[in-house]
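A note on names: the letters A, B, ... follow the listed sequences, proteins ahead of strands, and every chain is numbered from 1. All values derive from a computational prediction rather than experimental measurement.
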4 protein chains.
Amino acid sequence: MIETKRRGGRPRSEQARQAVLHAVDDLLLEVGYAAMTMKGIAVRAGVGRQTVYRWWSTKAEILFEACVDDAEEELAVAPARTRLAEVTSYLDALMRFLAYSPAGAGYRALLAAAEHDPAVKQLIATKDVLRDSARAVLHRIAPHRPAGDHAIDLLIGPTFFWIMSGRDPAQLDIDELARSFFHGFGSEEP
Amino acid sequence: MIETKRRGGRPRSEQARQAVLHAVDDLLLEVGYAAMTMKGIAVRAGVGRQTVYRWWSTKAEILFEACVDDAEEELAVAPARTRLAEVTSYLDALMRFLAYSPAGAGYRALLAAAEHDPAVKQLIATKDVLRDSARAVLHRIAPHRPAGDHAIDLLIGPTFFWIMSGRDPAQLDIDELARSFFHGFGSEEP
Amino acid sequence: MIETKRRGGRPRSEQARQAVLHAVDDLLLEVGYAAMTMKGIAVRAGVGRQTVYRWWSTKAEILFEACVDDAEEELAVAPARTRLAEVTSYLDALMRFLAYSPAGAGYRALLAAAEHDPAVKQLIATKDVLRDSARAVLHRIAPHRPAGDHAIDLLIGPTFFWIMSGRDPAQLDIDELARSFFHGFGSEEP
Amino acid sequence: MIETKRRGGRPRSEQARQAVLHAVDDLLLEVGYAAMTMKGIAVRAGVGRQTVYRWWSTKAEILFEACVDDAEEELAVAPARTRLAEVTSYLDALMRFLAYSPAGAGYRALLAAAEHDPAVKQLIATKDVLRDSARAVLHRIAPHRPAGDHAIDLLIGPTFFWIMSGRDPAQLDIDELARSFFHGFGSEEP
DNA sequence: AGATAAGCGAGACGGTACGTCGTGTCTTAGC
DNA sequence: GCTAAGACACGACGTACCGTCTCGCTTATCT
């Protein structure tokens, strides 16, 4: 039996769990990650503080649980006709995720928190949604290639840097980026 | 004259200023950005808390002032014989800065803080050391090109993403990255 | 039932309350009222600062709660054989209270603080231990009189002024004061 | 020569001295003794902080200098026809001084501060305006008596206690108090 | 007349208490 | 035995005032 041992007692309230996850989603957009507190989450969810601490250690854990599923879904793009279209479509999804999606906001907050806290770094390493999504795309457009990290970084890096350095997402030229992915800086000889 | 207006009053103590900047440098390495507090900085610097608040609003501001000069210096690479060597050399400096340099640790902490605080985002936007350094390199290897943001992102992005997503810096293949910068994902047709 | 409403939540810690009251008692004697701080009280009591602020607003409130019971007890004198003996005995208790008793030191500090802070003035007005004690004595020696404020001031005033103006308590002639209370300044015609 | 030794240097600014004394007077009424700060006094007087500290150690010293002359003057009553009138007139002046006069407010603040600070106690002991004024009255109405402390306390005490315990000054029966000063609590035998 | 010296307003200095807030733990009553 | 409520010890927050110091300047007396 995989079922966890339970010897009586009130079972965990799924309602409380959902309330906490939604509270985190809401608070992230309303006040931002830094101003989001465990106390605030509990109050917003209408839940006791101990109930929060019983199931999660930090706000990062809650946020991770709250946004990882959405993130995976948003980064999974449908196959396209050409390889260029496939990459373009993926980069578009990536940009939208990082720049506009609530789940993406959560992910960015977690990445930032990871920079300040090794525990968070370890947490998000358990499910690398960004690299996984890119790997899937690369596997489709070049099934005979190993799809190593190198290609993944080439694919994600420029868009990632654009967003993370605070540039306007609307001014990112996805098409040009997709072309450069295949052709590089230019035709000139290095 | 650029001279600051002074109508009496004790002048600012350069000694106190240096003590605070050094304290921030030290504390960043010793306890990390998250555990660094304004109070801790003041105590470590042997300075009154009001003196810190008088000249800086947040620890981010202090850290920015403490590491921006070093960052600029570390990212300025000497010209190389070939364009490939130039890029390789730059990517190496970039990787070392982001992954190993104390100034780079400060910069990463600031980037992360910017994700949580718009004020910090604005602060680091006043002096984009990363983009500026890449622009300088690109100007040398392709003087006839405008050196737009697109090329900058292609150059920095992959390395930046590698480091920021927590990968081992030692396993980053700088040479391959430099080649790909010129040639793209590969010879295959999109 | 007078019972306070309680719908869950950890109950107030009587231990913490006592610790705070004792800390105030101790600190008043050790460092004096002026040097006594909310922070110092909390530390001395081994209690969080929030716990102090949760139940009291100012050090004056704590001190009031800490010494009002003792004050009442010390000012309640046993009935004596003659009216003169009764008054003498009361004035002696009053002098000892104001000049030597720890509770009296607290009361003097509160009277002084009331002079600087209307809130304290209002606080000590809720339980006028001095006037109450005098009223009790006057009621015993002259049950047929209304025991108005006038007589109370005649009774307490001289001793009170002697102590509050910093004179040596030992040189106060209680017997003479008691006699004067009945006979006034002297036999001379006004 | 009593003149202080001075071998050159700018003389003390009488204008600054007056500004400080007036600032203290004003601030005492506006914000009260407790909220009055050395910094606030300096700012209000338009004077450097060091200038205040150069001539006075504490706000109590300034206040003492600012109100002692007025106090003496206000407590000096003109001779009256009868001894009863003399005492009544004095008690009235005493009540007005303690309850309504700005100088009296300063004096009450100093008395209160003395309760918290021995230095202030010592300061106001150098010039006991209350006892001095009462002694003068007693000397006039009973020149053949030594005018010891006992009579002074009988005279001042009741009014002093009335005011200091926060009673409404308007409800103090000066005439009754004056009569009682001569006759005591009543005709009953102790 | 020039030097010397002390007072002046301004304001930064190292400290420390303020009252508030968030932390993670605990102890209730209620379901 | 999980829940909501809320008190607990702890410590950082940013502000205010402490008393001291260091500026440039002014105003006097003493060579």
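In this pair, B/His116 and A/His116 present their aromatic rings perpendicular. The plane angle is above 60°, beyond the 30 to 60° band.
Across the protein-nucleic acid pair, D/Lys59 atom NZ and F/dC17 atom P stand 11 Å apart, rounded to whole Å. Rounded to whole Å, the distance from CD on B/Gln18 to P on E/dC13 is 13 Å. Put simply, CD1 on D/Ile41 is 18 Å from P on F/dA16, counting in whole angstrom units. The distance between atom CD of B/Glu14 and atom C1' of E/dA12, rounded to the nearest whole Å, is 14 Å. Summarising the geometry, the separation between OH on A/Tyr53 and P on E/dT27 is reported as 17 Å, rounded to the nearest angstrom. Taking atom CD1 on D/Ile62 and atom P on F/dC18, their separation rounds to 10 Å, with Å as the unit. Distance, B/Arg17 CZ to E/dG14 P: 14 Å, rounded to whole Å. The CZ atom of D/Arg10 sits 6 Å away from the P atom of F/dT27 (whole-angstrom rounding).
Proximity of C/Arg44 to C/Glu30: side-chain heavy atoms (C-beta onward) are separated by under 4.5 Å at one or more points. For the pair B/Ser13 and B/Thr51, the minimum side-chain heavy-atom distance is 4.5 Å or more.
A salt bridge between D/Glu65 and D/Lys127 is absent, with no side-chain N of the basic residue lying under 4.0 Å from a carboxylate O of the acidic one.
Checking C/Met38 against B/Ala16, the closest nucleotide of DNA chain E that is more toward the 5' end is the one next to B/Ala16. Between B/Thr37 and C/Thr51, it is C/Thr51 whose nearest contact on DNA chain F lies nearer the 5' terminus.
No hydrogens or angles were tested; on distance alone, a donor-acceptor pair under 3.5 Å links the side chain of B/Arg49 to the base of F/dG14. Between the side chain of C/Gln50 and the base of E/dC21 there is at least one donor-acceptor pair of N/O atoms closer than 3.5 Å.
Listed candidates were F/dC18, E/dG11, F/dC8. Nearest to the side chain of D/Lys39 is F/dC18. Here F/dA9 is the nucleotide among F/dA9, F/dT20, F/dA28 with the atom lying nearest to any side-chain atom of C/Val47.
At least one side-chain nitrogen or oxygen of B/Arg54 sits closer than 4.0 Å to the OP1 or OP2 atom of E/dC13. Regarding contacts with the backbone of E/dG7, every side-chain N or O of D/Ser13 stays at 4.0 angstrom or more from both OP1 and OP2. In terms of phosphate contacts, D/Trp55 brings a side-chain nitrogen or oxygen within less than 4.0 Å of OP1 or OP2 of E/dC8.
Nucleic acid contact for D/Gly40: none, since no nucleic acid atom lies under 4.0 Å from a heavy atom of the residue.
Atom CG of residue C/Leu123 and atom CD of residue C/Glu61 lie 6.0 Å apart, to the nearest 0.5 angstrom.
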